[in-house]
Every structure is written in C-alpha cells, then in structure tokens.
Amino acid sequence: RARVQLQANVGAALSGEDQATAEAAVADQTESEASRLLERLLRIDTDIWESEIRAGIEGDVTKESLVSEVQKTMEGVILGLENGSMAQRVQAEFLRELVTRIEAI
C-alpha cells in the first residue's frame with residue numbers, strides 16, 4: 001500500500017495534479033496477487049525470500065508479474081528520491097537483488 005501511495009504521489013507531482021487526485025487513484029486501485037506477494041517480501045528477512053517466492057509462484061503469481069511489480073516499485077524509488085542520493089542507491093540495489101533472486105528461481 002505504501003508503495004502504491006508513493007507511485008501515486010510522484011505521478012501527481014510530476015504531472016502537476018493535486019494530492020487529492022493521487023489519493024483517489026490509490027483508493028480505486030485493487031491489489032494483485034503479485035503486489036501482495038511483493039509487499040510480503042518487503043516485510044520479511046531476505047534469508048527467506050526464496051521460499052516465499054517459490055510458494056507464491058506455485059500459487060497464483062507468475063515470475064513475470066512479480067518482476068513487473070518490483071520494477072514499478074523501482075521506478076517509484078528512482079523518481080521519488082533525490083537523484084544520486086544514498087537512500088536512492090541503497091533502495092534500488094535492494095530491489096535489484098530481489099529481481100535477481102526471483103529470476104534465479
């Protein structure tokens with residue numbers, strides 16, 4: 001949910017729309033299974049990512065949809081944080097590592 005909120009706020013800021021429009025867009029959006037799995041992965045220890053990814057892929061989530069969700073989040077991080085900042089680099093690297101582990105399964 002926080003990830004979707006960040007993307008909506010960045011989009012509103014870049015397009016010149018007000019934050020109320022961003023809030024409405026977030027309220028109308030339903031979460032996919034891939035989005036829920038990504039949220040779960042972001043909350044757990046990285047040591048158990050592989051088992052959670054496998055469990056998700058054996059369920060209703062495809063690798064491609066999960067990677068797509070991570071890439072959308074990465075776009076939000078890149079656009080939402082100061083260019084070249086340490087926070088931006090660390091978060092982008094964290095998400096790249098997640099993509100690498102998803103693709104390895």
Side-chain angles (χ1 to χ4, degrees):
R1 180 104 175 128
R3 182 175 50 82
V4 172
Q5 185 70 49
L6 171 65
Q7 291 170 337
N9 289 341
V10 169
L14 291 175
S15 66
E17 295 180 12
D18 62 2
Q19 292 302 308
T21 305
E23 295 291 332
V26 170
D28 290 341
Q29 193 171 22
T30 59
E31 285 190 350
S32 66
E33 288 297 319
S35 179
R36 281 189 219 118
L37 176 56
L38 176 58
E39 291 291 337
R40 193 165 55 248
L41 290 170
L42 294 176
R43 288 188 178 102
I44 64 173
D45 191 82
T46 57
D47 292 337
I48 55 175
W49 273 355
E50 283 84 0
S51 62
E52 286 293 319
I53 294 167
R54 277 192 185 91
I57 290 173
E58 290 172 359
D60 296 334
V61 179
T62 64
K63 275 189 188 183
E64 294 78 18
S65 65
L66 184 55
V67 168
S68 175
E69 287 295 323
V70 176
Q71 288 172 338
K72 285 187 231 176
T73 303
M74 213 178 296
E75 290 169 9
V77 166
I78 290 168
L79 293 174
L81 296 173
E82 182 181 340
N83 191 27
S85 69
M86 182 59 75
Q88 183 189 49
R89 287 184 288 194
V90 168
Q91 290 180 33
E93 180 60 32
F94 180 82
L95 293 170
R96 275 194 294 273
E97 175 64 22
L98 180 53
V99 169
T100 300
R101 293 201 196 178
I102 294 166
E103 291 173 341
I105 292 177

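One-based numbering along the sequence shown.
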Checking [X] side chain against [Y] main chain: does a donor-acceptor pair fall under 3.5 Å?
| X | Y | result |
| --- | --- | --- |
| E39 | S35 | no |
| R40 | G56 | no |
| S68 | E64 | no |

Hey, are E33 and R36 close enough for a salt bridge, meaning a charged N less than 4.0 Å from a carboxylate O?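 Yes, charged N to carboxylate O under 4.0 Å.
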For E58, is there an ion pair with R54 - N to carboxylate O distance below 4.0 angstrom?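 Answer for the salt bridge query: no.
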Start with the C-alpha distance between V70 and L41, add both sets of side-chain angles, then the distance that settles side chain to side chain contact (heavy atoms under 4.5 Å, CB included), and finish with yes or no. CA-CA 10 Å; V70 176; L41 290 170; over 6 Å; no
Looking at [atom1] of [X] and [atom2] of [Y], how far apart are the two atoms once the value is rounded to the nearest 0.5 Å?
| X | Y | atom1 | atom2 | value |
| --- | --- | --- | --- | --- |
| L38 | Q71 | CG | CD | 11.5 Å |
| T46 | R101 | OG1 | CZ | 5.0 Å |
| T73 | L98 | OG1 | CG | 9.0 Å |
| L95 | Q91 | CG | CD | 7.5 Å |
| N83 | R89 | CG | CZ | 10.0 Å |

Greater than 12 external heavy atoms within 6.0 Å of D45's CG: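 For D45, atom CG is crowded (more than 12 foreign heavy atoms under 6.0 Å).
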Give the cluster check for I48 versus I57: same hydrophobic cluster or not, with ILVMFWY residues linked at side-chain heavy-atom distances below 4.5 Å.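 Yes, it is one cluster - the side chains of I48 and I57 are joined through contacts under 4.5 Å.
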Are L66 and I44 connected in a single hydrophobic cluster, I mean Ile/Leu/Val/Met/Phe/Trp/Tyr linked by side-chain heavy atoms less than 4.5 Å apart?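 Yes.
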Any idea which heavy atoms bring V61 and S65 closest together, and the distance?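 Closest approach of V61 to S65: CG1-OG, 3.6 Å.
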Taking all non-hydrogen atoms of both residues, which atom of V99 and which atom of M74 are closest, and how far apart?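 Scanning both residues, the minimum pair turns out to be CG2-CE, 4.3 Å.
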Begin with the C-alpha distance, continue with both residues' side-chain angles, and end with the deciding distance and a verdict on salt bridge (Lys or Arg N to Asp or Glu O under 4.0 Å) for K72 and E69. CA-CA 5 Å; K72 285 187 231 176; E69 287 295 323; 3.2 Å; yes
